[in-house]
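Working notes, structure below.
Because the structure is predicted, anything quoted here is derived from the model rather than measured.
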Amino acid sequence: VPSHVFTLGDRDVAGIATQAGGRTSHAAILARSRGIPAVSGVAGVPAQIKQNDLIVVDGREGHVLVNPDYETLAAYRKLQREFVDLKDALAENRDQPAVSADGEPVQLLANISCTADARAAAAMGASGVGLYRTEYLFLAHPDVPDEEEQYRAYCEAIDASPGRSITIRTLDVGGGKQIAYIGGAREANPFMGWRSIRLSFEHPQFFLAQIRAVLRAAADDGRPKQVRLMFPMVTTVEEMRKLRSFVHRAERRLTESRTPFGKVPVGLMLEVPAAAVSIDVLLEEADFVSIGSNDLVQYLMAADRDNPKVSGLCRPLSPAVLLVLRDVIAACRRAGKPVTLCGEIAAAPKTCALLFGMGLRCFSMSPAFVPIVKDLIGRLTRDKAEALLRHVLKMRTVSQIAKYMDEQIRVISPQLALLDS
């Protein structure tokens with residue numbers, strides 16, 4: 001579960017293999033964000049592995065090998081060395097600007113769960129934090145972090161973030177992330193149930209305390225900072241209006257108590273197909289949009305990404321997914337509202353190139369992937385990316401698209417093909 005990965009701390013973990021979950025499950029994403037190869041949905045893992053077995057966890061291809069033969073092991077050792085050498089070489093671009101081959105600037109931001117992640121983002125050359133998952137502050141806490149504790153944690157995260165630029169997402173629990181003192185009721189379909197802002201609405205004082213803590217952390221302290229407040233799993237314009245009313249209530253409370261606070265842009269994480277369909281109306285109420293591609297893909301495909309029997313349907317290169325992403329990005333650009341994509345596909349070369357072709361210029365990803373995307377963007381032009389997108393949108397199947405983009409990434413950058421999956 002996500003909390004188990006989060007509490008690994010600095011332990012020397014070489015790889016993680018689990019029976020449950022999929023590639024974009026929360027635990028798998030957290031593992032990769034810490035540079036740990038992870039393979040999910042491997043049936044019979046405990047029964048097949050014994051103490052002192054030698055295991056290969058191939059997070060790129062999704063394979064787990066137990067006690068491989070000499071030749072296989074040698075091949076994987078070589079691949080491991082090449083992978084580490086390439087990542088080390090790419091990390092040297094941390095101080096270079098993120099621009100396309102034809103000089104168009106992009107923003108490469110980081111997804112973080114704690115202050116240590118923010119420091120890693122700065123070290124890898126990110127220009128800010130595009131997603132601070134505040135739920136891990138709660139998951140790692142023995143009870144309920146009060147407003148003061150949250151305020152201090154958010155201040156620390158702001159100070160550690162590159163350029164003191166950060167987008168803070170309110171509590172996103174339910175589904176695969178549970179905390180005992182809020183929610184916790186068993187549901188037949190938790191990913192489509194009482195979670196995220198739906199849960200927050202049912203606990204208004206708890207919710208207001210978090211919003212107040214964010215606003216207080218955004219207060220002017222004499223040094224430049226940029227703080228944005230984002231709400232997860234917004235589905236309707238009524239919800240967005242209600243969320244703005246919560247922000248106004250928090251501001252009034254802080255004003256009445258003469259507590260310094262900052263005015264922040266208020267946005268939504270777009271994860272629900274209904275929100276994608278009604279994006280033009282939602283943009284009237286939102287200052288910015290962040291596309292949560294991991295959940296958006298599973299909801300579009302009606303396939304639980306934590307269920308290995310159907311997680312294979314959660315394919316970001318699906319024509320349906322690409323069309324929805326294209327339309328959402330276009331709507332945001334027409335409205336002049338900033339749009340970011342926070343999800344695994346922001347860091348995968350095949351999908352990143354297509355997103356650039358759609359007009360996306362702000363990507364948020366695990367800190368370790370920032371140098372990879374910076375290198376890829378530096379090899380792309382707008383014309384090339386748009387041509388790739390036009391060609392792909394004529395295709396009808398995921399396999400066609402994946403094969404074509406594999407070929408194209410090898411041409412654009414043979415070395416980056418090693419890092420794609």
Side-chain angles (χ1 to χ4, degrees), residues 29 32-37 58-61 78-112 117-131 162-163 165 293 316-317 325 329 340-389 392 401-402 404-421:
I29 292 166
R32 283 193 295 276
S33 74
R34 291 171 172 260
I36 303 172
D58 183 349
R60 179 174 178 272
E61 296 293 340
K78 180 175 181 292
L79 187 64
Q80 184 182 42
R81 288 193 300 272
E82 291 174 350
F83 184 81
V84 170
D85 289 346
L86 175 56
K87 289 190 75 173
D88 288 346
L90 290 173
E92 294 178 5
N93 71 16
R94 64 175 64 89
D95 296 323
Q96 298 173 9
V99 294
S100 66
D102 50 350
E104 193 162 355
V106 299
Q107 278 188 290
L108 301 183
L109 310 176
N111 301 333
I112 70 166
D117 290 347
R119 287 193 284 266
M124 299 307 288
S127 59
V129 168
L131 171 62
S165 175
S293 62
L317 289 175
L325 292 172
I329 292 167
T340 305
L341 188 138
C342 303
E344 292 291 283
I345 68 173
K350 287 194 288 285
T351 43
C352 178
L354 294 174
L355 291 166
F356 187 75
M358 294 175 191
L360 188 72
R361 295 297 180 265
C362 189
F363 303 76
S364 194
M365 64 207 71
S366 297
F369 293 100
V370 170
I372 297 168
V373 176
K374 187 181 289 186
D375 187 84
L376 173 66
I377 294 295
R379 299 170 186 272
L380 281 173
T381 63
R382 177 191 289 194
D383 287 346
K384 174 62 176 176
E386 289 178 349
L388 289 174
L389 179 65
V392 159
I401 296 171
Y404 174 73
M405 288 306 299
D406 274 334
E407 294 167 353
Q408 293 302 309
I409 294 299
R410 289 193 187 96
V411 172
I412 294 166
S413 177
Q415 64 176 1
L416 288 184
L418 175 67
L419 302 175
D420 206 359
S421 59

Any chance you could measure [X], atom [atom1], to [Y], atom [atom2], to the nearest 0.5 Å?
{"X": "Arg361", "Y": "Thr340", "atom1": "CZ", "atom2": "OG1", "result": "13.0 Å"}
{"X": "Phe363", "Y": "Asn111", "atom1": "CZ", "atom2": "CG", "result": "13.0 Å"}
{"X": "Glu344", "Y": "Ser366", "atom1": "CD", "atom2": "OG", "result": "5.5 Å"}
{"X": "Leu131", "Y": "Met365", "atom1": "CG", "atom2": "CE", "result": "12.0 Å"}
{"X": "Thr351", "Y": "Ile401", "atom1": "OG1", "atom2": "CD1", "result": "11.5 Å"}
{"X": "Leu376", "Y": "Phe356", "atom1": "CG", "atom2": "CZ", "result": "9.5 Å"}

Set of side-chain contact (heavy atoms from CB on, under 4.5 Å) partners for Ser165, sequence neighbours left out =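 Partners of Ser165 under the side-chain contact (heavy atoms from CB on, under 4.5 Å) test: Gln226.
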
**Item:** side-chain contact (heavy atoms from CB on, under 4.5 Å) partners of Ala118, counting only residues at least two apart
**Value:**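 Ala118: side-chain contact (heavy atoms from CB on, under 4.5 Å) contacts with Ile112, Ala160, Ser161.
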
Q | Evaluation steps, side-chain contact (heavy atoms from CB on, under 4.5 Å), between Val411 and Glu407 | A | CA-CA 7 Å; Val411 172; Glu407 294 167 353; 5.8 Å; no

Would you check if [X] and [Y] make a side-chain contact, meaning some heavy-atom pair closer than 4.5 Å?
{"X": "Cys352", "Y": "Ile377", "value": "yes"}
{"X": "Leu388", "Y": "Ile412", "value": "yes"}
{"X": "Met124", "Y": "Pro371", "value": "yes"}

Do you know which two heavy atoms are closest between [X] and [Y], and how far apart they sit?
{"X": "Ile345", "Y": "Pro316", "answer": "CG2-CB, 3.2 Å"}
{"X": "Pro105", "Y": "Val99", "answer": "CA-CG1, 3.9 Å"}
{"X": "Ala110", "Y": "Pro367", "answer": "CB-CG, 4.1 Å"}
{"X": "Ala385", "Y": "Ala353", "answer": "CB-O, 3.7 Å"}
{"X": "Ala123", "Y": "Arg94", "answer": "O-NE, 2.7 Å"}
{"X": "Pro162", "Y": "Ala121", "answer": "CG-C, 4.0 Å"}

I'd like to know whether Leu341 forms a side-chain contact (heavy atoms from CB on, under 4.5 Å) with Leu325, so could you lay out the CA-CA distance, the side-chain angles of the two residues, the decisive distance to 0.1 Å, and finally the verdict. CA-CA 9 Å; Leu341 188 138; Leu325 292 172; 4.0 Å; yes

(message) Applying side-chain contact (heavy atoms from CB on, under 4.5 Å) to Cys362 and Leu109, what does each step give before you reach the verdict?
(response) CA-CA 7 Å; Cys362 189; Leu109 310 176; 3.5 Å; yes

Q) Does Lys374 reach the main-chain N or O of Leu108 with its side chain, forming a donor-acceptor pair under 3.5 Å? A)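 The answer is no, because no donor-acceptor pair under 3.5 Å joins these two groups.
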
Counting N and O atoms only, with roles assigned by atom type, does the side chain of Arg382 sit under 3.5 Å from a partner on the main chain of Gly357, one being a donor and the other an acceptor?
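Between the backbone of Gly357 and the side chain of Arg382 there is no qualifying donor-acceptor contact (under 3.5 Å).
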
Between Leu354 and Leu317, is the side-chain contact (heavy atoms from CB on, under 4.5 Å) condition met? List the steps.
CA-CA 9 Å; Leu354 294 174; Leu317 289 175; 3.8 Å; yes

Without hydrogens or angle criteria, can the side chains of Thr381 and Asp383 be said to hold a donor-acceptor pair below 3.5 Å?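 Side-chain D/A pair, Thr381 to Asp383: absent.
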
